[in-house]
Each structure stands twice: as C-alpha cells, then as structure tokens.
Q: 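What follows is a single structure, and I will ask about it in a moment.
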Amino acid sequence: QVQLVESGGGLVQAGGSLRLSCSASGRTFSSYTMGWFRQVPEKEREFVAAISRGGSSTTYADSVKGRFTISRDNAKNTVYLQMNSLKPEDTAHYYCAADLAAYGSSRVIREYVYDYWGQGTQVTVSS
C-alpha cells in the first residue's frame, strides 16, 4: 500500500511555470513506475507524463512535450512535474499515480494500469 499526496498547484499566468510534487508514503517508492495525469470537468483523465523506477526512462504526452519535465528523487520518495510555458489549456486537476509493474512506454499512458492515486492538485492558467 502506498499513499500519494500532491502539492504545488495554483494559479499562474500563461507563459509561467509551476512545479508539482507528489510525495509517497512507504519504503518501496523506488519499486513503482510513476505517472502524472490530468482531468478537466466532464472529460476523461488524460495522461501527461511517466517515469521509470530509476528515472532513466520517461514518456510524455505530445501536448506537453518540450514544456513539462518529470523527475523523481527516490531518496525523498517524491516525483516532480516541472511545468514551463504554461497555457490556458493546461488548466486541470493534476493527479500522480503509482504502478507496481515495470516501465513500458506503451503501458504507462494507460490510466487503468496504475494501482494507486493521489487526490490531486488544481492548476489554473489564466490567459
């Protein structure tokens, strides 16, 4: 069992930056593939980024590639999402998630493979 707690959301102007953090409980954080998803009301949750257990492999949605960076610090049980050049369309509730299985670039984009989810943090980008 792992508990995930996101932080770092807020209101920012277009073109600005935010860094989201997701802190995990438990000693086995390094055993999890980690992902970030986002959701706006009345739409399905959308994949944003994912990172392998050791941090050597990452995958990004096309919509955020080149602007967002996912990273992790296993010593701190934390995964990050650095978001630069934010756009109004990035406005959403952002969730982190943990997957017990090994990393696979085609697997990590699928919401249903993740075993644990945080409550999320709201990001609002004003134009």
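Owing to the predicted nature of the structure, the values given are computational and were not obtained by experimental measurement.
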Q: Could you check if a side-chain atom of Tyr116 sits within less than 4.5 angstrom of a side-chain atom of Asp99, using non-hydrogen atoms only?
A: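 No, their side chains stay 4.5 Å or more apart.
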Q: Rounded at 0.5 Å granularity, tell me how far OG in Ser127 sits from NZ in Lys87.
A: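 Rounded to the nearest 0.5 Å, the OG-NZ separation comes to 14.0 Å.
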Q: Starting at CE of Met34, measure out to CG of Leu81 and round the result to the nearest 0.5 Å.
A: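 Met34 CE to Leu81 CG: 11.5 Å, rounded to 0.5 Å.
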Q: Can you see which heavy atom on Leu4 is nearest to which on Ala24, and at what distance?
A: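 It is CD2-CB, 3.6 Å.
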Q: Nearest 0.5 Å please: distance from the CZ atom of Phe68 over to the CG atom of Asn84.
A: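 Answer rounded to 0.5 Å: 8.5 Å.
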Q: Please determine whether the number of non-hydrogen atoms from other residues, nucleotides or ligands lying under 6.0 Å from atom NZ of Lys65 exceeds 12.
A: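 Count over threshold, so yes.
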Q: How long is the span from the CG atom in Leu86 to the OG atom in Ser17, to the nearest 0.5 Å?
A: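 It comes to 6.0 Å.
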Q: Could you give the distance from OH (Tyr80) to OG1 (Thr69), rounded to the nearest 0.5 Å?
A: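 The OG1 atom of Thr69 is 14.0 Å from OH of Tyr80, to the nearest 0.5 Å.
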Q: Is the side chain of Thr91 donor-acceptor paired with the backbone N or O of Val125 at a distance under 3.5 Å, no angle test?
A: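 Here the side-chain-to-backbone pair exists.
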Q: Please check: side-chain N/O of Arg110 versus main-chain N/O of Ser106, any donor-acceptor pairing under 3.5 Å?
A: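 Such a contact is found between Arg110 side chain and Ser106 backbone.
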Q: Checking the side chain of Arg72 only, and the main-chain atoms of Ser52 only, is there a donor and an acceptor separated by less than 3.5 Å?
A: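 Pair found, side chain donor or acceptor close to backbone of Ser52.
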Q: What is the minimum heavy-atom distance between Val2 and Ser25, and which atoms define it?
A: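 Nearest heavy atoms, Val2 then Ser25: CG2-O, 3.1 Å.
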Q: Is the side chain of Glu6 donor-acceptor paired with the backbone N or O of Cys96 at a distance under 3.5 Å, no angle test?
A: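 Yes, the answer is positive, given that a donor and an acceptor are paired below the 3.5 Å cut-off.
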Q: Any link between Val40 and Phe47 through a network of hydrophobic side chains (Ile, Leu, Val, Met, Phe, Trp, Tyr) touching at under 4.5 Å?
A: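 Not linked; separate clusters.
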Q: Are Trp117 and Phe37 close enough that their ring centres sit under 6.0 Å apart?
A: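 They qualify: ring centres under 6.0 Å apart.
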Q: Establish, from distance only, whether the side-chain atoms of Gln39 and His93 form a donor-acceptor pair under 3.5 Å.
A: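 No, His93 and Gln39 have no side-chain donor paired with an acceptor closer than 3.5 Å.
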Q: Can you name the nearest heavy-atom pair linking Ser57 to Tyr103, along with the distance?
A: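 Minimum heavy-atom separation between Ser57 and Tyr103: CB-CE2, 3.5 Å.
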Q: Is it possible for you to check whether Arg38 lies under 6.0 Å from the centre of the six-membered ring of Tyr94, through NZ or CZ, and within 45° of that ring's axis?
A: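 No; the conditions do not both hold, so Arg38 does not lie above the ring face of Tyr94.
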Q: Report the C-alpha distance between Val79 and Ile70 in whole Å, list the side-chain angles of each, state the deciding distance to 0.1 Å, and finish with yes or no for side chain to side chain contact (heavy atoms under 4.5 Å, CB included).
A: CA-CA 7 Å; Val79 61; Ile70 188 171; 3.9 Å; yes
Q: Can you tell me if CD on Gln3 sees more than 12 non-hydrogen neighbours from other groups inside 6.0 Å?
A: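 Counting other residues, nucleotides and ligands, CD of Gln3 stays at 12 neighbours or fewer.
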Q: Given side chains that start at C-beta, do those of Val123 and Leu20 come closer than 4.5 Å, heavy atoms only?
A: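 Yes. Closest side-chain heavy atoms under 4.5 Å.
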Q: Compare every heavy atom of Asp90 with every heavy atom of Arg67, then report the nearest pair and how far apart it is.
A: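 Residues Arg67 and Asp90, closest heavy atoms: NH1-OD2, 2.7 Å.
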Q: Using the rule that Ile, Leu, Val, Met, Phe, Trp and Tyr join whenever any side-chain heavy atoms are under 4.5 Å apart, tell me whether Ile51 and Val108 fall into a single cluster.
A: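 In one cluster with Ile51: Val108, no.
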Q: Got more than 12 heavy atoms from elsewhere within 6.0 Å of CD, Gln122?
A: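 Enclosed: over 12 neighbouring heavy atoms sit under 6.0 Å from CD of Gln122.
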Q: What distance separates Asp115 CG from Tyr32 OH, expressed to the nearest 0.5 Å?
A: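 One finds 7.5 Å between CG of Asp115 and OH of Tyr32.
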Q: Looking at every non-hydrogen atom in both residues, tell me the closest pair between Val48 and Val64 and how far apart they are.
A: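 Shortest heavy-atom separation between Val48 and Val64 comes out as O-CG2, 3.6 Å.
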Q: Is a donor from one side chain sitting under 3.5 angstrom from an acceptor on the other, for Tyr114 and Thr33?
A: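 No.
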Q: Is the side chain of Thr124 donor-acceptor paired with the backbone N or O of Leu11 at a distance under 3.5 Å, no angle test?
A: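 Pair absent, no side-chain N/O of Thr124 close to backbone of Leu11.
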Q: Is Tyr95 close to Thr121 at the side-chain level, that is, under 4.5 Å between some pair of heavy atoms?
A: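 They are not in side-chain contact.
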Q: May I ask you to check whether Thr78 and Asp73 show a side-chain donor-acceptor distance below 3.5 Å?
A: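 The criterion, which ignores hydrogens and geometry beyond distance, is not satisfied for Asp73 and Thr78.
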